[in-house]
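Heads up: the structure comes next, in structure tokens.
So you know, we letter chains A, B, ... as the sequences are listed, proteins then strands, and number each from 1.
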There are 4 protein chains.
Amino acid sequence: MPSNSLGDRFSITSFGESHGKCIGTIVNGCPAGLQLDEFDIQQLLELRRPGQSVLTTQRKEKDEVNILSGVYNGYTTGAPICLIIWNKDADSRSYDAIKTTPRPGHSDYPAYLKYGGFADYRGGGRFSGRLTATIVMGGAIALKILSNYLNIEVSSYIKSIGDITCNTDNLSFNDIKQKRYSNDVRCPDQDAAIKMSEAIMAARKAGDSLGGVIECKTSEIPAGLGEPIFESIESELSKGLFSIPAVKGVEFGSGFRGSNMKGSENNDIFYIEKSSGRILTHTNNAGGILGGITIGMPLSCKIAFKPAASISMTQKTIDIEKKIETDLNVKGRHDPCVVPRAPPVVDSIVGIVLLDHCLKCNLIPTVLGKTNNI
Amino acid sequence: MPSNSLGDRFSITSFGESHGKCIGTIVNGCPAGLQLDEFDIQQLLELRRPGQSVLTTQRKEKDEVNILSGVYNGYTTGAPICLIIWNKDADSRSYDAIKTTPRPGHSDYPAYLKYGGFADYRGGGRFSGRLTATIVMGGAIALKILSNYLNIEVSSYIKSIGDITCNTDNLSFNDIKQKRYSNDVRCPDQDAAIKMSEAIMAARKAGDSLGGVIECKTSEIPAGLGEPIFESIESELSKGLFSIPAVKGVEFGSGFRGSNMKGSENNDIFYIEKSSGRILTHTNNAGGILGGITIGMPLSCKIAFKPAASISMTQKTIDIEKKIETDLNVKGRHDPCVVPRAPPVVDSIVGIVLLDHCLKCNLIPTVLGKTNNI
Amino acid sequence: MPSNSLGDRFSITSFGESHGKCIGTIVNGCPAGLQLDEFDIQQLLELRRPGQSVLTTQRKEKDEVNILSGVYNGYTTGAPICLIIWNKDADSRSYDAIKTTPRPGHSDYPAYLKYGGFADYRGGGRFSGRLTATIVMGGAIALKILSNYLNIEVSSYIKSIGDITCNTDNLSFNDIKQKRYSNDVRCPDQDAAIKMSEAIMAARKAGDSLGGVIECKTSEIPAGLGEPIFESIESELSKGLFSIPAVKGVEFGSGFRGSNMKGSENNDIFYIEKSSGRILTHTNNAGGILGGITIGMPLSCKIAFKPAASISMTQKTIDIEKKIETDLNVKGRHDPCVVPRAPPVVDSIVGIVLLDHCLKCNLIPTVLGKTNNI
Amino acid sequence: MPSNSLGDRFSITSFGESHGKCIGTIVNGCPAGLQLDEFDIQQLLELRRPGQSVLTTQRKEKDEVNILSGVYNGYTTGAPICLIIWNKDADSRSYDAIKTTPRPGHSDYPAYLKYGGFADYRGGGRFSGRLTATIVMGGAIALKILSNYLNIEVSSYIKSIGDITCNTDNLSFNDIKQKRYSNDVRCPDQDAAIKMSEAIMAARKAGDSLGGVIECKTSEIPAGLGEPIFESIESELSKGLFSIPAVKGVEFGSGFRGSNMKGSENNDIFYIEKSSGRILTHTNNAGGILGGITIGMPLSCKIAFKPAASISMTQKTIDIEKKIETDLNVKGRHDPCVVPRAPPVVDSIVGIVLLDHCLKCNLIPTVLGKTNNI
């Protein structure tokens with residue numbers, strides 16, 4: 001199976017490098033008949049794009065998506081959709097320094113070894129966080145289909161930055177969805193957002209960086225998604241989520257905290273909702289997933305991001321060629337905290353995996369709508 | 001691609017049900033020329049088998065492995081290896097009660113929906129923890145190859161049960177490896193093991209259950225394993241690990257804790273080991289993985305297990321057919337804590353994924369050795 | 001992806017060796033709710049089984065199928081179905097001779113090289129025609145679903161043996177389907193069948209062997225199956241058909257003959273069937289496939305089988321170890337012509353591929369029927 | 001697994017439409033360190049390009065390849081290689097006529113049904129023979145690696161056009177390789193080439209079209225390529241070859257003719273080559289493949305192309321929307337015979353499949369060479 005790909009019935013194949021000519025993605029398995037233009041995708045890209053606030057890198061990537069195939073007369077045709085962003089603002093000069101002196105916390109060192117020195121190291125090359133835009137391009141299509149045809153909404157937000165935690169106790173799913181983009185941190189709790197923002201600014205000033213946690217919640221999703229054992233929804237989602245650079249932890253529902261609960265506390269008790277007759281659970285410690293299969297409750301998971309590896313402080317490293325230890329000063333324009341730019345990426349991964357499994361469960365027709373263009 | 005499968009170059013395909021005729025696995029891609037008999041596999045199965053201590057279920061599953069194909073004259077032939085365990089001690093009577101009254105925390109409910117009432121519900125059927133034995137059968141082969149041909153050792157142990165945590169500060173990898181099976185809890189810290197044991201006994205007495213965390217460490221592994229983005233080692237390992245029932249969280253290196261560290265703290269600094277000239281890092285917050293690729297350091301990850309869903313307390317649930325709420329008393333012989341039985345399962349997943357990637361990187365020959373049998 | 005597998009949504013994974021303990025197959029992706037017992041599968045196996053007529057090998061393989069998993073209370077559960085045949089009549093003594101003196105036309109030589117001498121050579125091991133029974137086991141399930149839920153029938157028959165050709169000019173699809181098993185040759189033209197039978201007997205007497213051509217026809221199948229380019233129905237079918245040992249050619253519709261026709265002759269002209277309003281074509285030179293996609297017409301393809309490689313004449317060969325040329329006398333009980341045993345294998349391959357694509361096109365529900373067993 | 005893809009370790013994913021913005025391919029799994037520029041690919045594209053002789057369509061597609069990713073400083077980096085050709089000479093006006101009146105022999109009808117009328121029908125859209133250029137782009141890379149690192153050469157040529165057959169009895173592999181491109185028909189037998197050329201011209205004049213047969217031969221290839229049963233080299237090659245539009249038959253070695261031979265005639269007898277001590281066969285009726293595995297002899301297969309479906313004669317067809325029968329006059333600039341343009345496509349498919357299996361057999365290093373660019 002081709003590498004650089006995620007998904008089966010609906011899949012994306014990512015290509016391109018941070019400072020190469022372009023980055024792009026091929027979307028395979030998108031049903032015919034979806035109304036689609038660049039704007040559908042651009043909207044989600046804008047939310048990931050850098051250079052928008054003082055909290056993120058000052059690089060100005062315009063990140064303008066081009067649909068090169070798979071769409072005709074405004075509708076998807078069933079053919080693979082090629083989406084591309086031409087790289088424009090790449091400044092590769094500062095990367096000469098890291099040719100043979102790998103940056104701590106970055107992929108420079110294993111990439112050098114794996115590809116025998118042939119990897120494109122400029123801007124992190126293939127390993128750059130910039131490549132998450134290729135995920136977002138495919139995710140935007142998945143999320144549109146889920147929303148339009150199955151009323152499934154996905155909404156990630158910043159749960160914590162460093163030691164500052166967002167309080168969402170009194171917020172509904174819709175509250176979170178609406179408020180999360182009301183500030184540059186992407187946190188629906190405005191008080192926490194201000195503190196997070198200050199912490200990020202302080203880290204930048206100190207030449208240091210911060211990490212954080214994103215929580216992803218969905219509206220209620222169909223029961224029965226996922227396959228037992230190796231294609232559980234948790235397996236599929238974690239596979240996708242760990243493909244985001246900087247992600248070092250994923251948990252569903254009560255997760256690590258749940259490992260310290262008793263069975264009688266952690267088990268979610270089923271009940272019948274009076275008004276609708278639907279079977280639901282009072283709590284959602286399972287994060288909407290039992291035995292790897294969705295149960296009809298909202299999905300809920302948390303994703304841990306390490307602090308950005310690029311910091312402007314002087315760091316020790318080694319010179320691979322000269323076999324000596326040396327000092328490294330990383331130049332370039334970097335994010336002191338990448339987490340605020342990641343909610344669209346998390347939403348995209350979740351959207352792609354959910355759509356893939358909805359297709360496997362025949363929940364989406366093979367042709368999405370009739371049109372007059374024939 | 002066939003579902004119920006894990007791995008690409010080296011893969012396992014799991015089959016069977018908890019109370020059906022058998023459980024089994026097909027191993028595809030095992031190189032020819034590996035000396036292999038049932039004992040190689042039985043050893044690891046024994047460490048997962050129930051009925052061995054007061055801490056686990058009193059079911060007596062003998063779990064005797066049979067090699068049905070792929071081995072001739074004591075060596076693997078390169079053909080698929082079919083491994084099977086005949087089910088013997090299944091007592092399915094107690095499961096009539098759960099036909100239509102799904103147990104909280106179990107897969108009964110989504111399985112009922114997904115398969116339209118046709119799923120084999122006895123003992124949890126396809127979703128039973130018993131199926132992890134099919135993973136261990138394949139894992140035993142992978143771990144043998146890694147150990148014999150690449151000196152890679154994998155060693156999981158219980159890091160915590162409930163709120164009791166194991167202290168491994170002064171233990172080397174080899175210490176952990178040797179001491180972990182010295183008690184029924186599978187914890188190398190004997191003091192903690194006693195407390196964990198008491199906590200599990202107390203939970204059993206209370207008709208309740210406990211969860212815990214397993215830490216998996218490896219010896220140093222080759223650099224360069226994993227593919228960028230969607231087939232990162234973290235993606236592949238987490239996909240496998242989340243296929244273990246009860247796993248609800250996975251983190252690598254500093255993981256969730258690392259999300260609250262600064263970049264300057266979390267970055268692992270490279271240095272050159274004087275004696276060997278090798279490039280290593282002082283700390284291992286990355287868990288041996290940067291950019292999804294191994295760096296030559298030991299792998300390290302933590303896996304959160306929820307408390308066992310089967311508890312003997314009375315619980316509320318619903319009757320799917322009658323559409324009413326009802327009480328449920330789960331009978332049967334269950335583990336008050338499944339975590340002590342899980343290290344061989346975790347080792348197996350890690351072994352399968354690592355071997356798969358070692359094969360992709362040409363680190364294992366296509367034929368393992370010459371023999372005299374021709 | 002696991003090797004030894006065919007299919008995606010519906011797949012089989014074959015295992016076992018000709019003279020090992022068993023041969024078997026894992027069926028993945030069979031929808032839940034199909035009524036299934038051993039007899040459903042045994043019927044088709046009987047048509048492939050040797051020892052039934054003077055035309056085929058006199059080995060008496062009973063070939064009794066056992067369902068080991070995936071079926072509960074008489075219905076498929078949605079879990080993987082393990083099907084197994086225990087080997088009984090294996091006489092491996094005669095194979096000592098071929099350990100290092102590969103039989104011409106057989107896989108002995110490349111198997112020896114590929115697996116470094118570790119392959120199980122007895123009876124051809126993994127490469128034996130006997131392994132086609134593992135295909136038939138999975139095919140029987142696919143063909144039952146196609147027939148019961150989509151009215152798709154698949155019917156292969158012997159088109160030629162050596163230079164004797166079957167005449168089906170005046171036979172409808174149903175005629176062929178009914179008459180093909182009325183003789184041991186599996187040829188619906190009785191006159192030709194007698195001549196073919198005589199030719200096979202003569203070849204046996206001469207210590208030689210014959211090949212032939214099978215034609216596979218289906219009833220009308222749904223339009224739209226197949227994916228452009230690499231997953232065309234022709235690509236998928238040929239991939240499966242060439243996995244049958246002895247197959248050396250596959251053609252669809254007018255095939256090789258069509259390459260010598262003019263476009264104006266070979267193009268099938270569309271028309272509207274008066275009685276039904278359906279769009280059909282007058283001729284079917286396309287074999288029911290245009291652009292790799294089915295058009296709603298019957299499928300039609302021809303498969304060339306080479307003469308059986310096992311002949312009792314003395315043949316020259318080499319000794320791999322001694323590096324000398326030598327004479328070889330193959331003992332054992334062999335088919336002078338394997339083609340009469342192959343129609344169930346061809347039907348199975350076609351059934352598996354068609355069902356796989358019907359599932360991809362949402363033409364089969366994910367659960368096949370409701371039952372009272374809950 | 002993503003559709004529109006061929007190959008596993010080395011794979012191509014095709015995208016684009018005949019009259020869309022571009023056509024392209026993503027090459028996954030190309031080892032790092034291969035010297036590669038556009039010219040390497042352009043050379044092979046030129047041999048497929050139309051508008052070069054009176055025998056082919058008069059469309060002037062410049063077919064200029066652009067490398068968009070995966071190459072840095074003149075060497076492959078190990079990252080996916082995106083190759084694109086911008087469409088320029090598309091004249092879509094003439095296709096309005098076929099919106100709802102499908103051309104006989106073309107994919108218009110099944111494409112309309114499969115994609116609910118949303119398919120891009122211009123120039124055949126996704127089903128156009130133009131898409132074979134996406135195969136050639138990936139094939140050029142595979143063929144370069146095979147040639148440079150394993151001395152494997154692949155050489156397809158026109159075996160017959162209509163009823164005119166090429167005589168290669170006295171031509172060595174190198175003769176064929178050198179002479180095949182010495183005329184516009186791509187036939188190493190100059191006498192036959194002239195007759196073929198005349199036949200094609202006559203067909204064009206008559207508003208009709210011709211088909212033909214391509215034979216593909218290789219130099220000696222390594223033994224042991226291919227996996228038993230479903231991933232036999234014959235399975236993998238045929239899957240790829242049937243993805244070429246117009247291909248309706250594939251045979252290996254003696255193929256259909258062999259089905260009319262006796263075992264004693266068809267079996268290839270092994271011998272030991274005196275000069276080298278190598279094991280070879282006197283004849284090559286197996287086409288270099290036994291049991292689906294290569295034996296070290298040259299590969300040999302034949303591919304049947306139907307006559308081009310596009311003819312300028314008036315043909316009957318139906319109007320899908322109006323449900324009536326109607327006359328059709330296909331305009332546009334078409335090939336009276338596509339076969340002379342197909343050898344590079346066949347070579348590409350064979351190259352991709354062989355390289356994929358050479359990688360699986362560890363015959364190619366994961367990094368191809370050291371360079372000075374670091």
| task | Any chance you could lay out the side-chain contact (heavy atoms from CB on, under 4.5 Å) test for Glu227(B) and Asn4(A), step after step, and finish with the verdict? | result | CA-CA 8 Å; Glu227(B) 301 294 327; Asn4(A) 299 294; over 6 Å; no
| query | Which value, rounded to the nearest 0.5 Å, describes the distance between Leu237(A) atom CG and Lys239(B) atom NZ? | reply | 11.0 Å
| note | Pro307(B) and Gly263(A) have their tightest heavy-atom pair at CB-N, 3.4 Å
| said: Taking every non-hydrogen pair under 4.5 Å, which of Gly255(B), Ser264(B), Ser254(B) racks up the most with chain A? | reply: Ser264(B)
| remark: Counting heavy-atom pairs under 4.5 angstrom with chain B, the leader among Asn285(A), Ile279(A), Asp268(A) is Ile279(A)
| message | Ile12(A) vs Phe230(B), test: side-chain contact (heavy atoms from CB on, under 4.5 Å). Steps then yes/no. | response | CA-CA 10 Å; Ile12(A) 63 169; Phe230(B) 301 119; 3.7 Å; yes
| field | Region of Pro228(A) in contact with chain B, defined by heavy-atom distances below 4.5 Å | value | both
| query | So what's closer than 4.5 Å to chain A heavy atoms on Glu265(B): side chain, backbone, both or neither? | reply | neither
| field | Residue pair Ile295(B) / Tyr109(A): nearest heavy atoms and the distance that separates them | value | O-CE2, 3.6 Å
| query | Most heavy-atom pairs under 4.5 angstrom with chain B, which of Ala308(A), Pro222(A), Pro102(A)? | reply | Pro102(A)
| To the nearest 0.5 Å, how far apart are CD in Glu251(A) and CD1 in Ile303(B)? | 13.5 Å
| field | Interatomic spacing from CD1 in Ile318(B) to CD1 in Ile269(A) - rounded to 0.5 Å | value | 11.0 Å
| message | Is it the case that over 12 heavy atoms from other parts of the model lie below 6.0 angstrom from the NZ atom of Lys360(B)? | response | yes
| request: Can you tell which part of Ile311(A) gets under 4.5 Å to a heavy atom of chain B, answering side chain, backbone, both or neither? | output: side chain
| request: Look at Ser259(B), Gly211(B), Gly224(B) and state which one has the largest set of heavy-atom pairs under 4.5 Å with chain A. | output: Ser259(B)
| Can you name the side chain to side chain donor-acceptor pair (under 3.5 Å) partners of Lys248(B), sequence neighbours left out? | Glu234(A)
| remark: Of Ala246(A), Gly212(A), Ser160(A), Pro245(A), the largest count of non-hydrogen pairs under 4.5 angstrom with chain B goes to Gly212(A)
| task | Sort Leu131(B) into side chain, backbone, both or neither according to what part of it lies under 4.5 angstrom from a heavy atom of chain A. | result | side chain
| Of the options His106(B), Arg103(B), Gln315(B), which is the one that meets Asn267(A) in a side-chain hydrogen bond (donor to acceptor under 3.5 Å, both in side chains)? | Gln315(B)
| query | Which atom names give the shortest non-hydrogen contact between Gly291(B) and Ser107(A), and what distance separates them? | reply | CA-CB, 3.8 Å
| task | Look at Tyr115(A), Phe127(A), Phe256(A) and state which one has the largest set of heavy-atom pairs under 4.5 Å with chain B. | result | Phe256(A)
| task | Check each atom of Val247(B) against the heavy atoms of chain A and say whether the ones under 4.5 Å are side chain, backbone, both or neither. | result | backbone
| remark: Whatever's closer than 4.5 Å to a heavy atom in chain B on Thr317(A) counts as both
| query | At their closest point, which heavy atom of Ser238(B) faces which heavy atom of Ser238(A), and how far apart are they? | reply | OG-OG, 3.2 Å
| Side chain, backbone, both or neither of Asp163(A) within contact of chain B (heavy atoms, under 4.5 Å) | both
| request: Report the residues that fulfil side chain to side chain donor-acceptor pair (under 3.5 Å) with Thr294(B), sequence neighbours left out, ordered by chain and then residue number. | output: none
| Ignoring hydrogens and geometry, is there a side-chain-to-backbone donor-acceptor pair from Lys306(B) to Ala286(A) under 3.5 Å? | no
| task | Please look at Cys301(B) and chain A and tell me whether the side chain, the backbone, both or neither of the residue comes under 4.5 angstrom of a heavy atom of that chain. | result | neither
| field | Lys114(A) side chain vs Cys361(B) backbone, donor-acceptor pair below 3.5 Å | value | no
| request: Output the option from Leu225(A), Leu113(A), Ile135(A), Asn266(A) having the highest count of non-hydrogen pairs under 4.5 Å with chain B. | output: Asn266(A)
| task | For the residue pair Phe252(A) and Phe242(B), categorise the inter-ring angle as parallel (less than 30°), tilted (30 to 60°) or perpendicular (more than 60°). | result | perpendicular
| query | Measuring from Ile229(B):CD1 to Ser3(A):OG, what's the distance to the nearest 0.5 Å? | reply | 10.0 Å
| message | Testing the basics here: between Ser235(B) and Ser243(A), what is the closest heavy-atom pair and its distance to 0.1 Å? | response | OG-N, 3.4 Å
| message | Quick check on the interface: out of Ser310(A), Ala309(A), Ala223(A), Gly207(A), who has the most heavy-atom pairs with chain B under 4.5 Å? | response | Ala309(A)
